[in-house]
Structure formats: C-alpha cells, structure tokens
Amino acid sequence: MKLVIVESPSKTKTIKQYLGSDYEVLASKGHIRDIQNTGKDNLGLDFNNNLKPIYTILPGQYQTIKTLKNASEEAEDIYLATDPDREGEAISWHLKEVLGLNGKNVHRIEFNEITKPAILAAISSPRDIDMPLVSSQETRKIIDRIIGFKLSTLLKRSIASESAGRVQSVALKIITDKEEEINAFVAKKYCEIEAETEDFIAKLKEPEKNKIYSIEDRSEAEKIFKELKDTLTLSSLNENTRSDKPQPPFTTSTLIQAASNRFSLSSAKTMSIAQGLYEGTEIASKHIALITYMRTDSTRISDVFKSQLSSFIVSKYGKEYLGYTHMQKASDNVQDAHEAIRPVSLEITPDYVKEYLTKDQYNLYNLIYSRTVSSMMRDAKILTLTALFDNNSHTFQASFEKVLFEGYQKAQIKSMDAKPKFYLDAPVGTIFKIKKLSILDKETQGPERYSEATLIKKMEDSGIGRPSTYASTISTLKNRKYISVQKKKLIPTDQGKITSDFLHDYFDMIINVEYTARMEKTLDEIASGEKEEDKVVNQFYNAFDKILSEKKKDIKPMETGELCPKCGSKMIYKINKYGRFEACSNYPSCKYIKKTVTEEEKIPYIECPLCHEGHLVLRTSSKGRKAGKKFYGCSSYPKCTFTISSLSEIKKM
DNA sequence: CAGTGAGCGAGCTTCCGCTTGACTT
C-alpha cells in the first residue's frame, strides 16, 4: 500500500479514483502544529538554542494525526502532496516530523490541478522536502509571533487594547488613515447647468475645455442661465469606438468584491457559501462538487479546462465570440498554488442546478460561472458619440453609447433594470426643444470609506494577508472593537483610532504597508539559500527588542484631544483593571475623571424586574471579600437595590 | 455587595496561516 497525504479532505476521493486501489489518500486538514505558548513572554521560542520554535500539536488535530500515523505505518511509500507553496512545504515537513517518517520512503510531490495526467506526472517526479523553503515559512511564523505577542502585551498595558499584528494593525491603519482623509476633506459647492430634452440630457461645457463646466460662483451660473434660450442646436458630432475587455476569472479577493457589489454579501458569508459549493451538494441523488478551491490568489485556469471552455464558447455563442485567456499579470506575492475559482464542469449550468441550491448558493455559482465563461470571450465593441449643441453662444455637451458587438457581455448576468439606451441619430443643425432647464447645486465628494470588499482589494494590492485570512482579519478587527460596520462601510471606533495612533507614534517602522514587502524579500532569500534562518531571526529579535525597550521609555500618556472642564489641562487616557478611562493630566491637583462606559458595560437593555424604573447595568464591587467581582445591578441605585450575578438567571425568572 | 488614579506583577491572552469541526446545559 502507498499513502498520499494532501491538505484538503475534499480532494482525497478524486485523487484516489485516479490512482487506483494501491493507494490510500488522506488529508492533514491544514497545519498540524503551532508554536507553543510557553516560556519567555509566551513566545514558545528556545532562548538557549538560537530562538528555535518549540512546537505543539494543534488541539483539534490529534485524531487526524492518529489516522495518518496508522496509515503511514502500513505504507511502503509515502507521498507528501500538500499544496505547492511555502505553507504547504512546511506542512509536509511537520508531517514528516510528527508521523516519524525518517527512514521511510518519503516523497514530496506537487501538482496544482486535480486531473489524472497532473497527478500521475507528480507521482512519477518526486523530490525531497525543500528545507530552505520550510525555513522561510518558519521565519515568517517566528517574526509574526514576536511582533504579535510583544506588541499585544504592550498595547494591553498601555491603552487597554487587545491585540496588534503585522497584518491586522496595517489593515487597521489603512482604515484610520482613510477616516483622517475624510475628516480633513472640505466640500466645495459648485453648480452645473443642465438641459433636458425629450430623449436625452446635455450639460453646459466649459469654454475652451473639453469637460462639463463646474461653476464655482453661483451668481456666474445665474448670469449664464438668464442668457439661455429654450432650444439646443446640434453643432458637432464626434464618433469613436472603444473596446470593453472581460475580467479574468475570480480569485478570493475579486470574488468577495463582486459578491459584495452585486448581492451585498459580507466577506465571511461569501467565503462560507463558496466553501459549500466547493465541498459539493446532492444533485439528482449524486454528490457533486461545483467549484474549484475558493482560497486562491491566482487567475490561472488549467489547460484541460481552457480547451473545454473554448469549445463550449464556440458551440454556444459561435466562433466569433471566442477570445483569448485574460490572465492578470502575476505580481510578486502571488503564490499560484491553486487555480482561479471556476466551475468544475461547464455542463453543470446554473439553470440546471438552481433547484438544488439555496438562493445565495445559486447567485454565487451563477456569478462564478458567467465570470469564468466570459473571461475567455471576445472584447465587446462599443460605439461612443460626443455631441455638442449651441444655445445662444453657449455650448452644451452630451455623450451616447451603443453596443456594436456584444462579445463577452453576452455571457454576463443581465441586470433586471437594463433599459436600451438612447443613441442620438440626427444631422448637424437639428434643433431640439428643451423641456427643462436647470441649475444643479452640487458639492465635491470626499473620499469614501472602505467596505470589507474594497479593504480586501487594498490588502491584496499591498501584499498584506493571504486568501485564507482576508475575511478572518476583518473579523478580528471587529472582535477587538477596533472597527464597526455601518451601511457596509468600515468605521474605526475610538479604541481603533487610539490603537492605530499609538502604533503609528512608536512602531511606525513595523506597522506599515511596506514592511511585509521587505519581509517577503528576506523570506525569498532564505528560500533560495542566500540567507540563513537563524541569523535573520536572531537579528530581528535583537533589533526589535532594542526598539521595544527604547520606545517603552518614550511612551507618554495618550492625549484625548479634549481639555479638562475643571482646570483646563489636557485630558489623557489611562487604564486600570477595569479598562480604559479619560482623566485630567493634572492629577493629583485635579481629580476630574470623565465617565466612560466600557464596551463590556454596554449590555442589552433589560428593565429592572424589581422597580421597573431603571435597567440593568454591569457593576464591580470594590470592598470586602468580593472586591473585583462583577455583578448586574439596577441603574437607579440607591433608590432600588436589585442585584443579580448573571444575565442568564434573569431569563429563568 | 456599589461609581474606576499606589506599586508590584500572578496569570490570562495575544500573532499569521493552513484546514474542517460542531462538546452539551
């Protein structure tokens, strides 16, 4: 018997089919070990041995390892077929260590598509585990651990924040920077003049310039307005064609963006629906997987699928609709371990599976299906027309568009409200009657806040985070109460702003967009053998530790930006065992404290069952044996003295 | 039993990436 170990359980069945009964195929279900939370600063690093990490089995993985160990003991050959990227290489090495495979016939193989030829080719060209690549993963892990644990501890003590990290703190900074831009933005008022005819709307053009006139001075607009007559005379026509390219197949990031735009789905929801489609569902009493792997950074599709797709396009739409594969230029941080997100089979059309899927599943599948098909179709050809009109020596402008060749748009999901657009077809000199002439009062628009989807795009563009962590990073920011979501937009909370300011003031050299890029470069150098893990790790630790102890001395109380209403001194943030509060910096001369409600105190509104006047609030006892104990009491204390130890007891009453 | 400023510092948590689970009262 031969054993093949992959990462994802949903791959095992298919691979076993291709390899036959000689092979057993099992899954590691991702990583199996993590660095321990023990020792100095809980870092789990051996300070007597070059900061080597001390590993521990992940709590949920004992059963997996037992199964793998049993199978590996009976196998004469073991193929480690984890994903072909840095993390996958590390998983292979951990498997080898944990399963005790030294001395056995261990082969590392890789494939980036689940097809029979690809799997057979992989089996016939095995290699050893790439130890420099494993080292580079371990370095990444250690650096993230040091930054994360050290900064989190400091933040907790300094400003009562819960966490910081190379990725989450940069994501937070992106959000708080945007908020500052918005606060700094001053809207300017301006006017436009608009003429509406039976079929179209034209706007006043700026003299000598090729654009709509933004008139800053309203009296100027009113002066022009008085000079205008009630007709437009067509004075010139300028026709052009442009092509409209289809977009490449989905990656995790682009799928989340499209699902957000089209169906208003959150990133976590999109990922969970996609997971369901990937694992498959019962269709006509058969279990069928609908899409390829959903955590990917690649727009690549397999050669086999490409040829299926081109014949599909030719037979369904005709050969004039067949284009070429639109692939994105692979940027540095694309690891390309998986294909793009695409349907497993073109024969399983959205219409066919509709009755077996939930509404969300259908919507997402339909989106993926049409995006994949259109990605290999011809560009659409669009005819554009810019028309100028004269009105008492003032010029108006209107633009029109007409589709000459539908191209890829034929495979796109049509919006329901798409009305055919008006296209001007009239000779120069034609006179149009103006139905309505108006001055539009407008304001310049400030920058927009990020949504989950646009933040993920920004993260991907900056190389921050990975497809498997985009959604969970946003969840972390929410859980830490650094951000809130209102109308799909991400808004930093006070705590989020304080945290980001703190990190910016003292750790700007680590918490910035470029840091990850520099780290990746070093990791690549470790992977190629140019640099050594131990040296990099020790250098980093020493440098970071030095910065940390220097900055610790510099840390001044954070100012809230407000002044004390009693003495006029600056107000600052302080923390005690209950959390963060705002106090006068002039303590102890001035003892003013601004009452702040901590997040924990924001409990659901429950009316006091005793007096029915107040509501329950969270309190802390300060005297006696129970000092420090939390309990719930009536807000109208001391008038009402109702108390209860937990909210669950109130439900029983 | 009740509206948070001593100072020290125990003992808790915290990072980023891979992947699928699903305690019972």
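Proteins come first, then strands; the chains are lettered A, B, ... in the order of their sequence lines, and each starts at number 1.
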Can you list everything that forms a salt bridge (Lys or Arg N to Asp or Glu O under 4.0 Å) with A:E452? Sequence neighbours excluded, please.
A:K478
Here DNA chain B, pairs taken as Watson-Crick or G-U under 3.5 Å and shown with ( ), [ ] when crossing and | when to another strand, reads .........................
Report the relative orientation of the aromatic rings in A:Y55 and A:W93; use parallel for angles under 30°, tilted for 30 to 60°, perpendicular for over 60°.
perpendicular
For A:F47, is the NZ or CZ atom of A:K40 found under 6.0 angstrom from the centre of its six-membered ring and inside 45 degrees of the ring axis?
yes
Between atom OH in A:Y62 and atom C1' in B:dG21, what is the gap in whole Å?
16 Å
Any chance you could list the contact pattern along nucleotides 6-16 of chain B? Use B for base contacts, S for sugar-phosphate-only contacts and - for none, protein heavy atoms under 4.0 Å, 5' to 3'.
-------BBBB
Please walk me through it: do A:L95 and A:S28 pass side-chain contact (heavy atoms from CB on, under 4.5 Å)?
CA-CA 8 Å; A:L95 285 168; A:S28 78; 4.2 Å; yes
Nearest whole Å is fine: how far is B:dT19 C1' from A:L95 CG?
12 Å
I'd like to check the salt bridge (Lys or Arg N to Asp or Glu O under 4.0 Å) partners of A:D534; sequence neighbours left out, ordered by chain and number.
A:K52
Nearest-angstrom distance from the residue atom CG of A:L26 to P of B:dT20
14 Å
Just how far, in rounded Å, is P of B:dG17 from CE of A:M519?
7 Å
Does A:Y293 make a side-chain N or O approach to OP1 or OP2 of B:dT19 shorter than 4.0 Å?
yes
Would A:Y278 and A:Y293 count as a close aromatic pair, with their ring centres under 6.0 Å?
yes
Round to a whole Å and report the spacing from CD of A:E89 to C1' of B:dG17.
15 Å
Does A:K531 have any side chain to side chain donor-acceptor pair (under 3.5 Å) partners at least two apart in sequence or in another chain, and if so, which?
A:E525
Atom pairs and distances, side-chain donor-acceptor, residues 539-548 of chain A, under 3.5 Å, sequence neighbours left out:
residue : atom : partner : partner atom : Å
A:Y541  : OH   : A:K150  : NZ           : 2.9
A:N542  : ND2  : A:N538  : O            : 3.2
A:D545  : OD1  : A:K150  : NZ           : 3.1

OP1 or OP2 of B:dT20 under 4.0 Å from side-chain N/O of A:S8:
yes
In whole Å, I'd like the distance from the CD atom of A:Q61 to the P atom of B:dG21.
11 Å
Assigned glycosidic conformation for B:dG5 [threshold 90° from 0]
anti
B:dT25 and B:dG21, which share atom name P, separated by this distance in whole Å:
24 Å
How many Å lie between CG on A:L523 and P on B:dG17, as a whole number?
11 Å
Under 4.0 Å: is that the gap between some side-chain N or O of A:Q275 and OP1 or OP2 of B:dT20?
yes
Parallel under 30°, tilted from 30 to 60°, perpendicular over 60°: which one fits the rings of A:F502 and A:F507?
tilted
Between P of B:dT20 and CD1 of A:I91, the distance in whole Å
11 Å
Span that lies between the C1' atom of B:dG3 and that of B:dG7, in whole angstrom:
23 Å
